[in-house]
Visitor: 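Next up is a structure, given as structure tokens.
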Amino acid sequence: MSNINITLPDGSVKQHEAGVTAMDVAMSISEGLARNVLSAKVNGEVWDATRPITTDAQLTLLTWNDDAGKNTMWHSSAHMMAEALEFFYPGIKLAIGPPIENGFYYDVDFGDYNFTEEDLQKVEKKMLELAKAKNPFIRKEMPKAEAVAYFTEKNDPYKLELLQDLEDGNITFYTQGEFTDLCRGPHIPHTGYIKAAKLLSIAGAYWRGNENNPMLTRIYGITFPKSSDLTAYLELLEEAKKRDHRKLGKELELFTFDDDIGPGLPLWLPNGAFLIEQLEWLAKETERKAGYHRVRTPHIAKETLYLTSGHLPYYKDSMFPPMEMDGSTYYLKSMNCPHHHKIYDASPKSYKDLPYRLAEYGTCYRYEKSGELFGLMRVRSLQMNDAHIYCTKEQFEQEFKAVNDMYLKYFKIFGIDKYIMRFSTHDPARLGKKYVDKPELWKETEDMVRNVLISSGIPFKEVPDEAAFYGPKIDVQVYSAIGKEFTLATNQVDFSQPLSFNLTYTTPENEQKHPIIIHRAPLGTHERFIGFLIEHYAGKFPLWLAPLQVKILPISEKFNEGCKKILQSLENYDIRASIDDRSEKIGKKIRDAELSKVPLMIVIGEKELEEGLVSVRKQGEGDQGTMPVEQFAEAIQREIKELLSV
RNA sequence: GCCGGUGUAGCUCAGAUGGCCAGAGCAGCUGAUUUGUAAUCAGCGGGUCGGGGGUUCGAAUCCCUCCACCGGCUCCA
């Protein structure tokens with residue numbers, strides 16, 4: 001047996017016999033480490049920790065602390081769940097069972113059986129039994145013909161379909177206990193690594209994600225190497241539920257839905273409307289300083305507008321149905337762009353007018369399919385922080401960068417630090433179908449955007465075939481407290497609509513040229529942005545946003561009159577306050593104020609009124625001691641200023 | 001739109017197997033109390049049991065249908 005060199009992440013090289021496994025290497029380091037190894041990265045590829053290594057290799061041992069290690073365990077867990085399912089429901093057909101961000105799922109065709117939540121528990125129990133058995137995962141390479149024969153015998157059309165796309169010589173099977181599956185791997189050494197399992201939910205899912213394919217039953221689950229991890233995870237889920245914007249929106253009286261108004265059409269209650277006005281104020285201030293003009297446009301327009309813009313053929317199905325009026329067809333607007341283009345075009349433009357920036361909190365209506373609606377995050381009526389910048393090619397870089405800087409400024413104000421910029425480009429194969437057929441312009445604008453992104457040092461991820469039909473776009477992806485990923489804001493480049501609308505400007509050489517358009521919406525829509533903020537802040541809005549900033553709590557009704565004077569002084573400082581003048585005990589008033597998440601409370605009794613002081617209490621933090629009213633008010637003003645000047 | 005689930009008072013929820021006037025807590029209103037840092041006491045009002053249709057002597061409960069919401073899938077200019 002010859003020796004091979006194993007290079008570890010710290011750069012050290014160890015000699016081992018060829019055929020050594022990652023597990024053997026781990027053992028040679030320490031037994032404790034070996035117990036935690038789930039899989040291993042061998043020359044960049046994730047392998048079973050028990051798979052023999054026959055050549056010199058870079059080796060990274062993967063444990064629960066590595067995403068790849070977690071994925072290995074969850075992937076193995078999906079297999080184990082499949083084994084448990086086959087135990088109870090022989091003859092079911094299995095589709096795919098991958099690991100996901102939090103756990104794993106398996107798509108299953110149960111035939112006529114209706115698998116419900118009640119069935120989850122016994123499957124869960126069986127899984128734990130299988131885990132205890134410490135069944136090893138055994139990898140086996142398989143010729144394609146043999147694999148096809150196996151699944152033909154097993155009568156599993158889904159696996160056979162998957163096999164069609166796989167190359168012969170590249171097919172592996174994994175077996176653990178009584179279960180064998182077509183699988184690329186890798187897997188954990190044996191099922192005993194799984195100490196806790198929870199099946200979370202059941203859902204329908206189309207085979208291969210195509211809505212024309214049959215619907216399978218998807219079972220979601222999660223497993224852990226320690227049962228305390230599971231408990232912690234379930235607590236986290238509970239916490240997330242408390243932050244759900246739909247729940248908090250009701251509790252804090254921000255918005256509501258009504259059957260007679262219609263699905264996806266939020267009604268903004270006074271507190272929610274206040275948030276909207278604060279955001280609009282912020283946007284207006286920011287955009288004024290950045291040289292935008294504010295405009296206003298109607299909520300409907302003629303069909304001809306959307307034919308010119310080219311939106312109609314792409315989006316007809318997701319627009320509200322048309323209205324016939326006076327011999328013309330009208331649509332509720334689902335985007336503001338063409339309206340703004342018409343404003344640009346209302347008068348001739350010269351190069352001296354550019355960049356020309358038009359901003360509007362525009363109200364749009366989109367017919368989202370009923371199943372796609374989701375609280376405030378996906379709605380049918382929305383108010384967008386929209387603007388369009390018309391500029392020359394030479395101005396593009398600077399304008400685009402300014403827009404990006406505005407995004408970053410907003411993120412700082414709101415303390416959003418977990419986000420990614422997703423740069424969506426076109427797919428040349430779909431020119432003329434999904435994308436306007438201008439290959440050279442696509443390349444040019446995509447290069448321009450990419451260059452700005454690189455030169456400004458903003459981290460981004462490039463995704464092909466996700467662009468808008470008229471140009472590449474940058475989406476800002478954020479993560480809500482309940483773990484869902486959302487596009488919060490979007491930023492697009494458009495070389496196409498200036499041509500469709502024949503928008504031009506006069507150059508210094510007295511020629512007519514088309515501008516480039518930047519579409520941008522850093523605060524997205526009120527609906528989604530506020531939905532996100534509710535979860536982001538868990539309903540505890542920062543002082544400048546909080547609809548009510550201070551709740552004044554008199555110790556007893558005797559002091560209500562005195563509190564009115566304090567209220568008056570706070571109002572003179574533009575502070576939003578109100579008095580709890582009910583005949584309740586102070587403990588009750590504090591409790592109610594705390595639950596309503598008002599950021600500041602002041603407790604007022606005989607002592608305070610005599611000395612001209614207020615006893616300050618912060619939401620969630622308790623008693624802060626006493627201070628003069630003026631000092632309290634100035635502290636609030638100072639904090640707000642700091643929050644907004646980033 | 002598709003698969004599965006849910007729908008009882010403003011909110012959170014009880015109401016096996018169909019059977020006296022459909023209940024509780026919180027919130028609301030009225031009164032008493034006049035309170036020192038997370039729930040004072042008493043009384044009162046409030047419900048087409050999501051809508052419609054059916055089965056039955058009798059339906060919140062069983063069946064059909066529509067609507068809305070929830071978990072996903074698909075989609076997201």
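Residue numbering restarts at 1 for every chain, and letters A, B, ... go by the order of the sequence lines.
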Visitor: Nearest of B:G36, B:U33, B:A77 to any side-chain atom of A:Ile586?
Guide: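 The nucleotide sitting nearest to the side chain is B:G36.
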Visitor: B:A77, OP1 or OP2 - any side-chain N/O from A:Lys473 closer than 4.0 Å?
Guide: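 Result: yes.
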Visitor: Do A:Tyr206 and B:G1 share a donor-acceptor pair, side chain to base, under 3.5 Å?
Guide: yes
Visitor: Let's test your reading of the model: under 3.5 Å, does the base of B:A77 pair with the side chain of A:Thr490 as donor and acceptor?
Guide: no
Visitor: Under 4.0 Å: is that the gap between some side-chain N or O of A:Lys250 and OP1 or OP2 of B:U12?
Guide: yes
Visitor: Measure from CD on A:Glu211 to P on B:C2 and round the result to the nearest Å.
Guide: 10 Å
Visitor: Give a yes/no answer on whether the side chain of A:Arg218 brings an N or O atom under 4.0 Å of OP1 or OP2 in B:C3.
Guide: no
Visitor: Under 3.5 Å, is there an N or O donor on one side and an acceptor on the other linking the side chain of A:Arg378 and the base of B:C75?
Guide: yes
Visitor: If you measure only the distance, is there a donor-acceptor pair under 3.5 Å linking the side chains of A:Gln497 and A:Asp494?
Guide: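 Yes, because at least one side-chain N or O of A:Gln497 sits under 3.5 Å from a partner of the opposite role on A:Asp494.
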Visitor: Check every atom of B:G36, B:A68, B:A77 against the side chain of A:Asp259 and return the nucleotide holding the closest atom.
Guide: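 My answer, after comparing the listed nucleotides, is B:A68.
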Visitor: Donor-acceptor pair under 3.5 Å: do we get one between A:Glu608's side chain and the base of B:G36?
Guide: yes
Visitor: Would you mind telling me which of B:A68, B:U35, B:G71 lies closest to the side-chain atoms of A:Phe374?
Guide: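 Side chain of A:Phe374 sits closest to B:G71.
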Visitor: For A:Tyr315 and B:A77, do the ring centres fall under 5.5 Å apart while the planes stay under 30° apart?
Guide: yes
Visitor: Of the nucleotides B:U74, B:U34, B:U40, which has the atom closest to the A:Lys585 side chain?
Guide: B:U40
Visitor: Heavy-atom count around A:Glu253 CD within 6.0 Å, excluding the residue itself: above 12?
Guide: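 No, not enclosed.
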Visitor: Looking at B:G71, B:U37, B:C3, which one has an atom nearest to any side-chain atom of A:Met215?
Guide: B:C3
Visitor: For B:G5, take OP1 and OP2 only and decide whether either is under 4.0 Å from a side-chain N or O of A:Asn114.
Guide: yes
Visitor: So does A:Arg520 get a side-chain nitrogen or oxygen closer than 4.0 Å to the phosphate oxygens (OP1/OP2) of B:A77?
Guide: no
Visitor: Tell me which nucleotide among B:C75, B:G36, B:C73 gets nearest to the side chain of A:Tyr220.
Guide: B:C73
Visitor: Before accepting this row, confirm whether a basic side-chain N of the pair A:Glu368/A:Arg378 lies closer than 4.0 Å to the acidic partner's carboxylate O.
Guide: yes
Visitor: Between B:A27, B:A77, B:U35, spot the one nearest the side chain of A:Ser334, thanks.
Guide: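 Of the candidates, B:A77 comes closest.
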Visitor: Would you please classify the geometry between the A:His311 ring and the A:Tyr315 ring as parallel, tilted or perpendicular, with 30° and 60° separating the classes?
Guide: tilted
Visitor: Check every atom of B:A38, B:C73, B:U40 against the side chain of A:Arg617 and return the nucleotide holding the closest atom.
Guide: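 Looking only at heavy atoms from C-beta outward on A:Arg617, the closest nucleotide is B:A38.
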Visitor: For atom CD of A:Glu251, decide whether the heavy atoms of other residues, nucleotides or ligands shown that lie under 6.0 angstrom number more than 12.
Guide: yes
Visitor: Which nucleotide, B:G71, B:A38, B:A68, lies nearest any side-chain atom of A:Ser201?
Guide: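 Within the option list, the nearest is B:G71.
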Visitor: Is it possible for you to check whether A:Lys434 lies under 6.0 Å from the centre of the six-membered ring of A:Phe469, through NZ or CZ, and within 45° of that ring's axis?
Guide: no
Visitor: Between B:A27 and A:Lys588, is there an OP1 or OP2 to side-chain N/O distance shorter than 4.0 Å?
Guide: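 The answer is yes; a side-chain N or O of A:Lys588 sits under 4.0 Å from OP1 or OP2.
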Visitor: Just compare B:G36, B:U34, B:A77 and give me whichever is closest to any side-chain atom of A:Glu606.
Guide: B:G36
Visitor: Please determine whether a side-chain nitrogen or oxygen atom of A:Ser583 lies at a distance below 4.0 Å from atom OP1 or OP2 of B:U34.
Guide: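 No, A:Ser583 has no side-chain N/O under 4.0 Å of OP1/OP2 on B:U34.
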